[in-house]
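Heads up, the thing below is written out as structure tokens.
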Amino acid sequence: MQYKKRTHTCGELRPSHIGQPITLTGWVDTRRDLGGVIFIDLRDRYGITQVVFGPQYEEKAHQLAKELRSEYVISVTGKVEQRPEGTINPKILTGEVDVVGMELVILNKAENPPFAIEDDIDTNEDLRLKYRYLDLRRSEMQKRLLFRHKMYQITRKYFDEHNFVEIETPVLMKSTPEGARDFLVPSRINPGKFYALPQSPQTYKQILMVAGFDRYFQVVKCFRDEDLRADRQPEFTQIDVEMSFIDELDIQTIVEGLMKKFFKELLNIEVQTPFPRLSYKEAMEGYGSDKPDLRFGLKFADFSELVKDSGFKVFSESVKKGNVVAGFAVPGGAGFTRNQMDNLVDFTKSLGVGGLAYIKLTDKGIDSAIEKFLGNEICLKICEAAGAKPGDNVFIVSDTWQKTYSTLGTLRLEMAKRLNLTDENKWNLLWVVDFPMFEYSEEEKRFVAMHHPFTSPKPEDEHFLNTDPPKARARAYDLVLNGNEIAGGSIRIFNSEMQSKVFSLLGIGTEEAKTKFGFMLDAFKFGAPPHGGIAFGFDRIAMLLTNSKSIRDVIAFPKTSSGYSLMDDNPSEVDKKQLDELHIKLK
RNA sequence: GGGGUCGUAGCUCAGUUUGGUUAGAGCGCUUGCCUGUCACGCAAGAAGUCGCGAGUUCGAGUCUCGUCGGCCCCGCCA
């Protein structure tokens with residue numbers, strides 16, 4: 001097929017091009033056939049240009065243009081002309097000119113697309129995913145992927161300028177016992193043995209530090225075989241970072257520098273550094289989350305002291321058991337109806353606590369079902385502690401420390417949503433630090449690492465490892481943006497004795513540690529430098545900075561929430577021959 | 001593993017509460033007319049496995065059970 005290559009893109013032509021012969025290629029966006037004259041909006045990734053065909057220009061091209069339909073791929077040669085008076089379209093950048101179509105070549109026809117190739121389409125996501133190539137043809141999707149592209153460029157430039165070395169680590173790695181479920185890859189050459197896809201290149205990057213690379217980064221795919229969410233895909237991209245001879249502040253400063261660049265170069269927003277630090281304890285006791293969204297208030301207060309000697313046994317007994325009574329003031333909540341409150345009480349109960357007590361503060365004073373147990377004075381003190389104003393409603397929960405605050409945290413987010421308290425124009429960045437080393441897993445009946453098993457304890461807490469492990473805090477830090485964890489890291493353990501001790505606290509025996517992590521313990525015996533690092537959730541940052549509702553909107557070919565790829569029908573069954581070669585028999 | 005919600009024309013949805021004539025609308029599509037449109041206009045037309053499978057019933061888009069799929073959440077995600 002003969003056709004001329006384009007001389008310009010569809011976003012390029014301006015009045016300065018008037019009179020020039022040019023060729024454009026692209027997709028037919030819309031066609032307006034007025035009988036004697038036909039207008040075509042021609043689209044490529046750079047923009048839209050209007051092409052006009054008519055018998056007074058070129059009869060043959062006009063006849064062929066009658067056949068054009070949406071999404072036909074064409075090449076048009078013609079002349080750039082000023083649009084007649086009153087027909088300029090200010091909505092498009094090329095709206096001052098037309099291309100008069102003299103030669104038209106239909107490069108490919110197209111079936112009528114299942115949904116319109118335009119922004120703000122109102123269609124089911126499964127259809128978009130099945131026809132992803134059409135979805136990605138839409139300008140809002142192209143913009144998102146271009147945004148993502150810029151993020152890669154900024155990242156690589158930034159780390160290169162700061163002396164970091166990009167090193168690729170294996171995708172076929174050793175399965176490790178801790179953390180997320182691994183995706184396994186059977187080894188054909190080694191019957192019965194498996195590789196795992198990396199949950200993160202954690203062990204490799206630490207070994208690169210032992211190797212002396214000092215500053216490493218990688219933009220890397222990671223894989224976790226866990227259930228999906230709006231912000232979680234089974235394969236996702238991290239910016240993985242590791243540094244030697246540093247402390248927490250060095251890592252955090254490097255990270256803040258990158259975030260500053262992202263905001264400046266992508267959104268033209270200046271963010272202030274350093275970002276605020278909140279300890280895990282402060283975050284939990286203040287906002288009920290280890291990734292608090294501080295774009296709005298609703299900060300908690302602890303009422304335990306106020307109620308421990310009160311006549312309200314539900315609270316006083318609870319405090320005596322070592323539990324907590326805490327809550328927060330809901331602005332305007334005194335106006336909630338009985339029905340609304342019953343609904344909120346049910347909502348709270350569904351989160352796994354006994355209930356939700358509440359004290360309404362009105363102009364006339366306290367209005368609460370628990371006033372008769374607590375007394376007016378304590379109720380007023382609770383309102384004061386919560387910072388309640390007349391018209392507010394203080395929500396109170398009592399349970400264990402963990403349950404009370406995590407329930408209040410969920411309730412806090414729910415109330416912010418219902419009352420529309422979130423300022424969508426705000427960007428709230430903060431560090432959460434001083435995480436506990438361990439948390440107890442009810443399911444496994446043992447301690448598990450809150451961050452990961454290579455995380456170093458804080459030096460002043462090391463003694464707790466022998467006496468009271470849950471009290472030991474880790475040298476770990478998470479970066480939070482608008483209530484989303486977007487990066488997490490730690491200063492690592494770098495001597496094999498400490499590493500062995502932490503393994504044993506995690507219930508990983510000497511033998512198992514040797515089998516699973518022996519290579520790392522060995523490496524640490526040959527001169528491991530002190531080191532630490534962090535990993536960014538690249539897709540999540542892209543999602544947040546582009547105001548996308550889902551991580552799927554910033555990934556070219558994402559999976560559905562059941563881990564399925566609708567476009568290529570994947571995962572799929574394989575031939576028995578393939579399984580035989582892999583020594584696998586299906587149950 | 002659990003909870004919620006959705007599934008009707010190519011698309012978005014109404015119709016389901018209370019089973020009953022030929023399942024409708026807007027957009028899109030097709031055809032015709034139309035020389036300055038850009039949400040073109042006007043006229044006509046085609047288009048349905050009511051997700052799928054059983055069941056109840058004289059009769060099921062509508063009721064029951066099962067099942068598949070999308071989305072959101074809990075668990076899970078160091």
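Just so we're on the same page: letters track the sequence lines, and every chain starts at 1. Only heavy atoms go into these numbers, but all of them, side chains included; no hydrogens, no water, no symmetry mates.
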>> Taking only the P atom of each, what is the distance from B/G26 to B/C71 in whole angstrom?
In response: 31 Å
> For RNA chain B, whose closest nucleotide is more 5', that of A/Phe39 or that of A/Asp122?
Replying inline: A/Asp122
> So which nucleotide does B/A23 pair with, by the Watson-Crick or G-U wobble rule with both distances under 3.5 Å?
Replying inline: none
> Considering only the C1' atoms, how many Å lie between B/G15 and B/G20, rounded to the nearest integer?
Replying inline: 14 Å
> Starting at NZ of A/Lys549 and ending at P of B/C72, how long is that distance when rounded to a whole Å?
Replying inline: 11 Å
>> If I take atom CE in residue A/Met450 and atom P in nucleotide B/C77, what distance separates them, rounded to the nearest angstrom?
In response: 12 Å
>> For the P atoms, the ones on B/C11 and on B/G48, what distance do you get once it is rounded to whole angstrom?
In response: 13 Å
>> Within the 4.0 Å heavy-atom criterion, would you say A/Phe53 contacts the bases, only the backbone, or no part of the nucleic acid?
In response: nothing
>> Using side chain to side chain donor-acceptor pair (under 3.5 Å), reason through A/Tyr216 and A/Asp240 one step at a time and then give a plain yes or no.
In response: CA-CA 8 Å; A/Tyr216 143 97; A/Asp240 198 40; 2.9 Å; yes
>> Between A/Arg43 (side chain only) and A/Trp27 (backbone N and O only), is there a donor and an acceptor less than 3.5 Å apart?
In response: no
> Mind checking who B/C71 pairs with, Watson-Crick or G-U wobble, both distances under 3.5 Å?
Replying inline: B/G4
> B/C77, B/C72, B/C29: which one has an atom nearest the side-chain heavy atoms of A/Ser70?
Replying inline: B/C29
> To the nearest angstrom, how far is A/Glu67 atom CD from B/U31 atom P?
Replying inline: 10 Å
>> What's the gap between B/G10 and B/A46 when it is taken at their P atoms, as a whole Å value?
In response: 15 Å
> How far does the C1' atom of B/U22 sit from the matching atom of B/C68, given to the nearest Å?
Replying inline: 31 Å
> Can you tell me how far P in B/G61 sits from the matching atom in B/U21, rounded to whole Å?
Replying inline: 11 Å
> If only atom types and distance count, is the side chain of A/Ser548 paired as donor or acceptor with the main-chain N or O of A/Leu544 below 3.5 Å?
Replying inline: no
> Within a reach of under 6.0 Å around NZ of A/Lys514, are more than 12 heavy atoms found that belong to other residues, nucleotides or ligands?
Replying inline: no
>> Over all strands shown, is A/Leu351 touching base, sugar-phosphate only, or nothing at heavy-atom distances under 4.0 angstrom?
In response: nothing
>> Just the rounded figure in Å: distance from C1' of B/C77 to CG of A/Asp290.
In response: 12 Å
> What interatomic distance, in whole Å, is found between C1' of B/G28 and the corresponding atom of B/U12?
Replying inline: 11 Å
>> Output the rounded distance in Å from CG (A/Leu127) to P (B/G51).
In response: 16 Å
> Within the pair A/Thr123 and B/C11, is there a side-chain N or O less than 4.0 Å away from OP1 or OP2?
Replying inline: no
> Whom does B/G66 pair with, Watson-Crick or G-U wobble, provided both distances fall under 3.5 Å?
Replying inline: B/C52
> Are the side chain of A/Tyr477 and the backbone N or O of A/Ser490 linked by a donor-acceptor pair below 3.5 Å?
Replying inline: yes
> Got A/Ser175 and A/Asp182 here, is their nearest side-chain heavy-atom distance under 4.5 Å?
Replying inline: yes
> For residues 111-121 of chain A, which residues have at least one heavy atom under 4.0 Å from RNA chain B?
Replying inline: A/Asn112, A/Pro114
> ring-ring contact (aromatic ring centres under 6.0 Å, His included) with A/Phe454: which residues, sequence neighbours excluded?
Replying inline: A/His452, A/Phe517
> Given that both distances must come in under 3.5 Å, which nucleotide forms a Watson-Crick or G-U wobble pair with B/A60?
Replying inline: none
> Is the side chain of A/Asp33 donor-acceptor paired with the backbone N or O of A/Gly35 at a distance under 3.5 Å, no angle test?
Replying inline: yes
> Is A/Ser562 touching bases, backbone alone, or none of the nucleic acid, heavy atoms closer than 4.0 Å?
Replying inline: sugar-phosphate
> Checking salt bridge (Lys or Arg N to Asp or Glu O under 4.0 Å) for the pair A/Arg446/A/Glu178: CA distance, chi angles, key distance, verdict?
Replying inline: CA-CA 12 Å; A/Arg446 68 175 181 100; A/Glu178 292 289 294; 3.0 Å; yes
> Given atom CG of A/Asp182 and atom P of B/C77, what is their separation to the nearest angstrom?
Replying inline: 12 Å
> In whole Å, what separates the P atom of B/G51 from that of B/U62?
Replying inline: 8 Å
>> Using Watson-Crick or G-U wobble geometry with both distances under 3.5 Å, which nucleotide pairs with B/U18?
In response: none
> Would you say the base of B/C76 and the side-chain of A/Arg232 have a donor-acceptor pair closer than 3.5 Å?
Replying inline: yes
Below 3.5 Å between N/O atoms, which protein atoms pair up with nucleotides 38-40 of chain B? Just atom names and distances, please.
| from | atom 1 | to | atom 2 | distance (Å) |
| --- | --- | --- | --- | --- |
| B/C38 | O4' | A/Arg32 | NE | 3.0 |
| B/C38 | O2 | A/Gln50 | OE1 | 3.4 |
| B/C38 | O2 | A/Asn89 | ND2 | 3.0 |
| B/C38 | N3 | A/Arg83 | NH1 | 2.8 |
| B/C38 | N4 | A/Arg83 | NH1 | 3.4 |
| B/C38 | N4 | A/Thr87 | O | 2.3 |
| B/A39 | OP2 | A/Lys91 | NZ | 2.7 |
| B/C40 | N4 | A/Asp33 | O | 2.6 |

>> Quick check on contacts: within residues 484-507 of chain A, what sits under 4.0 Å from RNA chain B by heavy-atom distance?
In response: none
>> Strictly below 4.0 Å: does A/Ser561 bring a side-chain N or O up to OP1 or OP2 of B/C71?
In response: yes
Collect all protein-nucleotide pairs involving nucleotides 1-9 of chain B in which both atoms are nitrogen or oxygen and the distance is under 3.5 Å.
| from | atom 1 | to | atom 2 | distance (Å) |
| --- | --- | --- | --- | --- |
| B/G1 | O6 | A/Asp227 | OD2 | 3.3 |

> To the nearest Å, how far apart are A/Leu413 CG and B/C72 P?
Replying inline: 17 Å
> Between the base of B/C77 and the side chain of A/Arg224, is there a donor-acceptor distance below 3.5 Å?
Replying inline: no
> Is there a Watson-Crick or G-U wobble partner for B/C42 with both distances under 3.5 Å, and which nucleotide is it?
Replying inline: B/G32
> If you draw a 6.0 Å radius around OH in A/Tyr72, do more than 12 non-hydrogen atoms from other residues or ligands fall strictly inside?
Replying inline: yes
> Among side-chain atoms of A/Gln252 and A/Arg277, is any donor-acceptor pair under 3.5 angstrom?
Replying inline: yes
> Counting only heavy atoms not in A/Lys79, do more than 12 sit closer than 6.0 Å to its NZ atom?
Replying inline: no
>> Expressed as a whole number of angstroms, how long is the span from A/Ile551:CD1 to B/C77:P?
In response: 17 Å
> With a 4.5 Å limit on heavy-atom distance, are the side chains of A/Gln238 and A/Gln199 in contact?
Replying inline: no
>> For A/Thr169 and A/Gln218: C-alpha separation, side-chain torsions, deciding distance, then whether side chain to side chain donor-acceptor pair (under 3.5 Å) applies.
In response: CA-CA 9 Å; A/Thr169 52; A/Gln218 185 181 189; 3.0 Å; yes
> Who passes ring-ring contact (aromatic ring centres under 6.0 Å, His included) against A/Tyr440, sequence neighbours left out?
Replying inline: A/Phe447
> Should the pair A/Tyr131 and A/Phe115 be assigned to parallel (<30°), tilted (30 to 60°) or perpendicular (>60°) ring geometry?
Replying inline: perpendicular
>> I need the minimum non-hydrogen distance between A/Ile207 and A/Ala523, along with the two atoms involved.
In response: CG1-CB, 4.3 Å
> Looking at B/C71, B/C72, B/C77, which one has an atom nearest to any side-chain atom of A/Thr560?
Replying inline: B/C71
